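A quick write-up on the structure given underneath.
Here the structure is a predicted model, which is why all the values come from computation and not from measurement.
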Amino acid sequence: MFVYADNAATTRVSDAVLSAMLPYFTKHYGNPSSTYPLGQDASAALIRARETIAACLGCLPSELTFTSGGSEADNQILRSAAAWGRQHGRTHLIASAIEHHAVLNTLEDLKARGFTVTLLPVGPDGVVDPADLKAALTPTTALVSIMLANNETGAIQPIRQLADLAHAAGALFHTDAVQATGHLPIDLKNNPVDFLSASAHKFHGPKGNGILFARRGFELTSLIFGGAQERGKRAGTENVPGIVGMAAALQEACDHMAENARRMEEARDTLQKSLSALDGTRVHAGTMPRLPGHLNMAFEGVSAEALLPVLGMAGICVSSGSACASGSPDPSHVLLAMGCTPDEARSSIRFSLGDDITLEQVHFIVETVTREVARLRKLHQQA
Ligand SMILES: *Cc1c(COP(=O)(O)O)cnc(C)c1O
């Protein structure tokens with residue numbers, strides 16, 4: 001059996017999305033900036049895609065900028081808000097300790113350029129406490145950046161409340177919604193956030209395509225200079241097939257959101273219940289509102305570094321909470337922020353189920369993990 005349970009890392013491009021993209025490689029391959037009909041076909045597709053995505057998110061098409069992914073959107077938003085802050089005498093930036101590295105490492109760079117940064121803690125449940133934000137805000141805070149849902153635990157953050165607090169202090173508010181978009185309802189008409197980032201490959205769209213939302217009236221600064229594409233805010237010939245695919249994927253995800261969530265949640269809860277029956281396990285952020293497919297668990301006495309390749313060989317694709325993909329044994333900054341010991345963080349595994357998960361696959365995961373955890377613990381005892 002094969003189970004792809006690492007949908008927080010990336011997702012499979014859906015068949016409908018691929019079909020929607022293909023004509024834009026070989027038939028409507030014009031440059032959207034060209035004025036003849038072939039170019040205008042591409043330009044019309046971009047307009048349609050922007051309208052589709054705007055309708056899914058409840059914003060104006062003109063509030064969207066297409067980027068190369070979630071990382072670029074995060075980078076551009078943070079730098080734009082920092083530039084705004086510099087103009088307005090605000091050089092303090094706030095984020096949570098559990099943000100993605102696209103946010104954390106951009107903040108590191110801004111720190112080297114004279115900004116001060118406060119990282120908010122999270123509770124053992126992996127959620128930011130609005131009282132901590134309230135205490136951290138100052139009259140010089142330019143931006144607060146808190147993700148909508150965490151990529152490692154799935155924990156959903158109280159962003160409305162946090163955005164209101166930021167605004168009361170005169171600061172802007174960004175949410176990295178890369179994990180949430182296509183999985184949780186987002187309605188920007190009725191949501192106070194100023195900026196949002198999303199990425200197509202986390203909702204069955206193609207890799208290398210991102211969405212940047214900036215509320216009307218805010219002037220973004222560019223990261224990439226050149227032509228006048230994306231209203232001069234993101235130069236470079238647009239990735240038309242990718243953008244078409246991204247819009248198709250988001251539409252598909254939004255059309256089936258409730259049923260997908262129900263299926264994933266049911267499978268996830270079954271998985272959680274069965275694996276929790278093993279000795280020495282603990283679920284991270286298990287009592288909080290979570291993304292429907294996420295389950296992050298610690299298996300005491302077993303290192304993820306040992307367990308992951310074994311599961312991979314058995315046909316199960318999952319990942320550790322930690323960013324040890326590149327062989328770096330650093331424990332997850334998210335789990336550490338939640339108060340886990342480095343050992344517990346290193347023994348944690350993230351399952352992120354897809355919307356096509358079956359009960360047979362869940363049983364296969366339970367059976368395999370149960371067997372391998374027992375085997376590795378025994379080996380460990382003998383050693
Ligand atoms: C995947 C991810 C990103 C990065 O998105 P890319 O499109 O891969 O650059 C940023 N933030 C979060 C929360 C993510 O899960």
Side-chain angles (χ1 to χ4, degrees), residues 63-122 128 130 132-152 157 159 162-163 165-179 192-199 210-215 217-226 230 232-236 323 328 330 332-334 336-337:
E63 292 175 310
L64 298 173
T65 304
F66 296 138
T67 68
S68 70
S71 298
E72 187 186 328
D74 284 341
N75 274 251
Q76 189 167 4
I77 289 165
L78 266 57
R79 286 191 195 280
S80 297
W84 173 88
R86 186 88 84 188
Q87 282 166 9
H88 292 81
R90 291 175 175 260
T91 54
H92 178 226
L93 307 166
I94 300 178
S96 80
I98 60 166
E99 297 302 309
H100 190 272
H101 281 110
V103 168
L104 293 177
N105 289 345
T106 303
L107 291 176
E108 276 303 308
D109 184 70
L110 288 168
K111 218 151 89 176
R113 294 165 196 276
F115 289 86
T116 53
V117 174
T118 302
L119 292 185
L120 302 177
V122 292
V128 173
D132 288 327
L133 173 59
K134 205 166 175 190
L137 283 160
T138 75
T140 66
T141 306
L143 177 75
V144 178
S145 177
I146 313 280
M147 64 204 332
L148 208 166
N150 182 262
N151 43 308
E152 294 190 19
Q157 307 298 317
I159 61 158
L162 297 168
L165 286 170
H167 288 158
L172 298 166
F173 189 87
H174 163 236
T175 192
D176 174 337
V178 173
Q179 286 292 321
V193 306
D194 301 295
F195 308 106
L196 173 145
S197 24
S199 177
I211 298 168
L212 184 169
F213 161 81
R215 201 168 287 286
F218 184 86
E219 275 293 305
L220 289 169
T221 55
S222 295
L223 300 183
I224 300 175
F225 295 84
E230 297 297 293
K233 301 309 176 196
R234 207 281 183 178
S328 123
D330 285 352
S332 151
H333 68 286
V334 173
L336 292 183

Handout entry: With sequence neighbours excluded, residues passing salt bridge (charged side-chain N to carboxylate O under 4.0 Å, His left out) with E230
Key = R50
Exercise for the section: List the atom of A235, the atom of G226, and the distance in Å for their closest heavy-atom pair. Expected result: CB-N, 3.2 Å
Handout entry: Euclidean distance, T67 OG1 relative to L223 CG, rounded to 0.5 Å
Key = 9.0 Å
Practice task
Working to the nearest 0.5 Å, report the span between OG1 of T141 and CG of L165.
Solution key: 11.5 Å
Handout entry: Trace of the side-chain contact (heavy atoms from CB on, under 4.5 Å) decision for E72 with I224
Key = CA-CA 10 Å; E72 187 186 328; I224 300 175; 4.1 Å; yes
Problem - Over all atoms of both residues, closest heavy-atom pair of L104 and A97 - result: CD1-O, 4.2 Å
Problem - Intermediate values then yes/no, side-chain contact (heavy atoms from CB on, under 4.5 Å), E63 and F218 - result: CA-CA 9 Å; E63 292 175 310; F218 184 86; over 6 Å; no
Exercise for the section: Assess whether side-chain contact (heavy atoms from CB on, under 4.5 Å) is satisfied between I77 and T106, documenting all intermediate values. Expected result: CA-CA 10 Å; I77 289 165; T106 303; over 6 Å; no
Fill in the blank from the handout: Value for CG (L143) from OG1 (T91), rounded to nearest 0.5 Å, stands at 12.5 Å
Problem - L137 side, atom CG; D132 side, atom CG - distance, nearest 0.5 Å - result: 11.0 Å
Handout entry: Counterpart residues, side chain to side chain donor-acceptor pair (under 3.5 Å), relative to E99 (two or more places apart)
Key = S96
Problem - Where A73 and S197 come nearest, the two heavy atoms and their spacing - result: CB-CB, 3.5 Å
Exercise for the section: Step by step, work out the side-chain contact (heavy atoms from CB on, under 4.5 Å) result for L93 and L78. Expected result: CA-CA 9 Å; L93 307 166; L78 266 57; over 6 Å; no
Completion exercise
H88 meets the ring-ring contact (aromatic ring centres under 6.0 Å, His included) criterion, sequence neighbours left out, with W84
Handout entry: Validation row: L133, I146 side chains within 4.5 angstrom (heavy atoms)
Key = no
Practice task
Please confirm whether the backbone N or O of K233 pairs with a side-chain atom of Q76, one donor and one acceptor, at under 3.5 Å?
Solution key: yes
Practice task
Would you please name every residue forming a salt bridge (charged side-chain N to carboxylate O under 4.0 Å, His left out) with K134, sequence neighbours left out?
Solution key: none
Problem - Partners meeting ring-ring contact (aromatic ring centres under 6.0 Å, His included) with F213 (sequence neighbours left out) - result: none
Completion exercise
By side chain to side chain donor-acceptor pair (under 3.5 Å), R79 pairs with (sequence neighbours left out) D109
Fill in the blank from the handout: In this structure, NE2 of H92 is separated from CD1 of I94 (nearest 0.5 Å) by 4.5 Å
Exercise for the section: Give a yes or no answer on whether the side chain of T175 reaches the backbone of L148 with a donor-acceptor pair at less than 3.5 Å. Expected result: yes
Completion exercise
Looking only at heavy atoms, the pair that brings T118 and A136 closest together is CG2-CB, 4.1 Å
Exercise for the section: Look at the aromatic rings of H101 and H333 and report parallel, tilted or perpendicular, splitting at 30° and 60°. Expected result: tilted
Exercise for the section: To the nearest 0.5 Å, tell me how far R113 CZ sits from E108 CD. Expected result: 12.5 Å
Exercise for the section: Over all heavy atoms of both residues, which pair between I98 and A337 is shortest? Give the atoms and the distance, please. Expected result: CG2-CB, 3.9 Å
Practice task
Output yes when a side-chain donor or acceptor of D194 lies under 3.5 Å from a complementary backbone atom of F173, and no otherwise.
Solution key: yes
Practice task
Would you check if N151 and D176 make a side-chain contact, meaning some heavy-atom pair closer than 4.5 Å?
Solution key: no
Exercise for the section: Work out which heavy atom in S145 is nearest to a heavy atom in V103; give both atom names and the distance. Expected result: OG-CG1, 3.9 Å
